[in-house]
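Inspection log for the structure reproduced underneath, given as structure tokens.
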Amino acid sequence: MKRLSLVVILLALFAGACSSDDSPEVGAAGSVSAGDTGGVDLTADSNHGIRIALHNWSSQLVGAEVIGSLLEGAGYEIEYVEIDSRDVYQSMCDGEIEIVHEIWEAPFGLSFEDQVGAGCVLDWATHSANTRQGWWYPDYVEEQCPGLPDWEALNDCSAIFANTETGLLGRYLTGPLDWLTGDVERVEALEMDFAVRNAESGIALWDELQAAVETRTPIVIFNWTPNYVEAIHTGSFIEFPDFEEDCFTDPTWGTNPDLTHDCGNPSDGYLKIGVNGHFPEQWPVAAALLGRIDLTNGMLSTMAALVDVAGMSPSEAAEAWIEANPAVIAQWTTG
Ligand code: TMO
């Protein structure tokens, strides 16, 4: 493995480090130059920090730090960048982010694939994990609303999910806006008697779920798998008309001829790693390591549980996870 020399690391630190591709950069010899490569030999590992996206759900925050720690262990400088999931693919295309390691197909697939198509982002790896997101309820709701998990059955008993604020409509709690759940569009396209409300965070979703379960109150919320939730509560996803790609892009597809989203999400969605187009040229060794990272459903739910159930910070959880998985870490780091 080609390690960065201490001199280069110190230079990068004292220069304020991590200048972006289009600003003057400190080359390996300490000279400042401008231009595409900034005097850096792009065939060698660069002396700039690697920027990893941080999003607002637990498994992602933990996994980002696991990956960051492994790269730091290999001698790289890492920067974590908190960024909205609506902006991240454009930012990665613009060269402001190197790594996004949890790209969920249902909400983010189209924006990611657009940038891959534009040639500025690379589809770098596909995890083993199968993903699903959607409307979900804990088991006891099945007795309160016969016919579940069918979406039309759910709609027929929308009234049991109503509260004073939603009036005659059932209340459906989805995630923060940047999770792009498509639920407002779905309710409209399928003409459902539900009001969509946005939780501010995953924690807010789980707090409501916990309170409802304790009193067996009817609840339907946004959930996903892999997540810690399935280890604690049994429940099911609502079954909407089967997903096909055209459903999200072609209004004429499906029962509503005028609107998209008259379907559910994919039930076996991908989970991918994307990198900025320059990443493998600038950091070939890091890129090879990243390409060996493979998250499974079990890994993701454990990472989420360390934060959402055990109450660790993402950093503590990442450290604990690395310590508990030496064989996996060895496989990823040595190939
Ligand atoms: C992107 N998410 C896992 C929160 O649905």
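Read the numbers this way: they start at 1 and go in the same order the structure lists the ligands and their atoms. These numbers come from the heavy atoms of this one structure, side chains and all, not from hydrogens, waters or symmetry mates.
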Tabulate below the donor-acceptor pairs under 3.5 Å that side-chain atoms of residues 108-121 make, not counting sequence neighbours, or state none.
unit_1: Glu113; atom_1: OE2; unit_2: Tyr270; atom_2: OH; d: 2.4
unit_1: Gln115; atom_1: NE2; unit_2: Gln90; atom_2: OE1; d: 3.2

Who else is in Leu168's hydrophobic cluster (ILVMFWY, side-chain heavy atoms under 4.5 Å, direct or via others)? none
Report yes if some heavy atom in the side chain of Ile52 is under 4.5 Å from a heavy atom in the side chain of Glu98; otherwise report no. no
Is the number of heavy atoms from other residues, nucleotides or ligands under 6.0 Å of Glu239 CD greater than 12? yes
Around ligand 1, what residues show up once you keep those with a heavy atom under 4.0 Å from it? Trp57, Trp104, Phe108, Gln133, Trp179, Phe222, Trp224
Distance to the ring centre below 6.0 angstrom and angle to the axis at most 45 degrees; does that hold for Arg186 and Phe240? yes
Under the side chain to side chain donor-acceptor pair (under 3.5 Å) rule, collect the residues that match up with Tyr137, sequence neighbours excluded. Glu142
